[in-house]
Amino acid sequence: MEAASVIKVAALCGSLRKASFNRGLLLSAIDICKESIQGMEIDYIEIAPLPILNTDLESGGRFPPEVEAFRQRILEADCVLFATPEYNYSISAPIKNAIDWASRPPNVFAGKAAAIVSAAGGSGGSRSQYHLRQIGVFLDLHFINKPEFFLKAHEPPSKFDAEGNLVDEAAKEKLKQVLLSLQAFALRLQGKSTGL
């Protein structure tokens with residue numbers, strides 16, 4: 001009998017703010033996986049240490065050490081979970097910078113399953129998600145289509161506590177459904193199934 005596959009998720013947050021709502025979504029996703037999703041592990045990858053993309057920093061086919069480490073962790077993952085706020089109808093500069101470093105040849109995103117969650121005002125980050133999906137075409141990322149997760153972070157009742165932790169139970173359940181969909185899609189891309 002074949003051992004169950006463990007899907008490794010690289011989690012990237014587009015906000016650098018300490019109490020970021022989007023960081024809160026990823027931390028909640030980690031807790032959900034530990035508590036109630038077998039066969040899925042999330043690796044939260046901090047993007048703040050990455051330098052602004054500058055190809056002059058590449059030397060002899062190598063990247064700066066923090067970029068090499070970042071790229072290796074994405075390469076080792078089966079899929080990617082993005083949590084991105086919406087800035088000016090698009091994704092944030094930090095996540096774009098991380099994407100640009102990861103996509104430098106050889107593109108470490110290629111062929112991976114992906115999902116997007118967002119917490120923002122107004123539309124809940126829908127425009128940033130649609131923009132990220134467009135970028136994903138070039139990256140050869142394969143995004144899940146359903147369920148979509150747009151959390152209107154500033155509408156009552158409170159969705160997050162003062163430290164940015166997700167406290168809304170309905171949002172946690174929807175986040176779990178996103179994770180299950182990502183797990184199933186990643187396994188399908190690998191030619192396996194969840195057994196559900």
Side-chain angles (χ1 to χ4, degrees), residues 7 9-33 35-37 40 42-48 74 77 79-100 102 109 112-186 188-189:
I7 293 298
V9 183
L12 305 176
C13 181
S15 175
L16 304 182
R17 190 171 65 87
K18 189 183 293 186
S20 159
F21 295 154
N22 286 282
R23 182 184 313 274
L25 292 177
L26 293 180
L27 295 178
S28 186
I30 291 169
D31 289 342
I32 290 167
C33 277
E35 295 166 6
S36 62
I37 300 178
M40 188 176 218
I42 298 179
D43 177 20
Y44 181 91
I45 305 173
E46 185 60 61
I47 64 173
I74 295 205
C79 55
V80 184
L81 176 61
F82 293 94
T84 182
E86 182 175 309
Y87 295 161
N88 302 315
Y89 288 11
S90 187
I91 60 174
S92 67
I95 199 70
K96 179 64 166 77
N97 186 58
I99 288 168
D100 289 345
F109 284 127
K112 296 185 187 299
I116 314 168
V117 296
S118 58
S123 69
S126 61
R127 292 172 291 227
S128 67
Q129 287 198 25
Y130 297 141
H131 193 188
L132 184 51
R133 285 176 179 274
Q134 289 176 322
I135 294 167
V137 172
F138 177 79
L139 301 174
D140 192 27
L141 279 169
H142 307 287
F143 286 102
I144 64 168
N145 291 320
K146 299 290 180 185
E148 294 176 309
F149 189 102
F150 311 111
L151 186 59
K152 295 181 180 182
H154 305 292
E155 289 185 3
S158 294
K159 312 292 189 289
F160 298 89
D161 66 17
E163 286 79 43
N165 298 305
L166 183 63
V167 295
D168 184 89
E169 292 302 320
K172 287 181 182 181
E173 181 55 35
K174 190 163 186 182
L175 181 55
K176 180 178 179 180
Q177 296 310 309
V178 169
L179 294 171
L180 289 169
S181 180
L182 178 59
Q183 180 185 40
F185 191 45
R188 190 167 57 183
L189 286 178

- Rounded to the nearest 0.5 Å, what separation is found between the SG atom of C33 and the NZ atom of K176? 10.0 Å

- Do F109 and V80 have side-chain heavy atoms sitting under 4.5 Å apart? yes

- Message: Strictly by side chain to side chain donor-acceptor pair (under 3.5 Å), give each pair with a member in residues 10-32 just once, sequence neighbours left out.
- Response: S15-S20, R23-Y44, R23-E46

- Task: Provide the closest heavy-atom pair for A98 versus I47 in the form atom of the first, atom of the second, distance.
- Result: CB-CG2, 3.8 Å

- At their closest point, which heavy atom of H154 faces which heavy atom of A120, and how far apart are they? CD2-C, 4.3 Å

- Value rounded to 0.5 Å, distance of NE2 in H142 from SG in C79: 12.0 Å

- Query: What residues form a side-chain contact (heavy atoms from CB on, under 4.5 Å) with S128, not counting sequence neighbours?
  - Reply: T84, E86, I91

- Query: Taking the six-membered ring for Trp, are F143 and F82 parallel (under 30°), tilted (30 to 60°) or perpendicular (over 60°)?
  - Reply: tilted

- Query: Can you check whether L141 reaches L132 side chain to side chain, under 4.5 Å on heavy atoms?
  - Reply: no

- Query: Counting N and O atoms only, with roles assigned by atom type, does the side chain of K174 sit under 3.5 Å from a partner on the main chain of E148, one being a donor and the other an acceptor?
  - Reply: yes

- Note on the structure: Closest non-hydrogen contact found for A113 with F185 is CB-CD2, 3.9 Å

- Starting at CG of L139, measure out to NZ of K112 and round the result to the nearest 0.5 Å. 12.0 Å

- Message: So I7 and L182, do their side chains get closer than 4.5 Å, heavy atoms only?
- Response: no

- Query: Is there side-chain contact between K172 and L175, with at least one heavy-atom pair below 4.5 Å?
  - Reply: no

- Message: Once rounded to the nearest 0.5 Å, what's the spacing between atom OG of S36 and atom CG of L179?
- Response: 8.5 Å

Taking only distance into account, with no hydrogens and no angle test, what donor-acceptor pairs under 3.5 Å do side-chain atoms of residues 158-171 form with protein atoms, sequence neighbours excluded?
from : atom 1 : to   : atom 2 : distance (Å)
K159 : NZ     : E155 : O      : 2.8
K159 : NZ     : P157 : O      : 3.0
D161 : OD1    : E163 : N      : 2.9
D161 : OD1    : G164 : N      : 3.1
D161 : OD1    : N165 : N      : 2.9
D161 : OD1    : N165 : ND2    : 3.3
D161 : OD2    : N165 : ND2    : 3.1
D168 : OD2    : A170 : N      : 3.3
D168 : OD2    : A171 : N      : 2.7

- Item | Spacing of CD1 belonging to I45 relative to CG belonging to L81, to within rounding of 0.5 Å | 11.0 Å

- Item | CA sep, side-chain torsions, deciding dist, call: I32, I42, side-chain contact (heavy atoms from CB on, under 4.5 Å) | CA-CA 10 Å; I32 290 167; I42 298 179; over 6 Å; no

- Message: Can you confirm whether R133 sits close enough to N145 that some side-chain heavy atom of one is under 4.5 Å from a side-chain heavy atom of the other?
- Response: yes

- Nearest heavy-atom neighbours spanning I144 and S181: CD1-OG, 3.7 Å

- Between P85 and the options P94, S92, C13, S118, the side-chain contact (heavy atoms from CB on, under 4.5 Å) test singles out S92

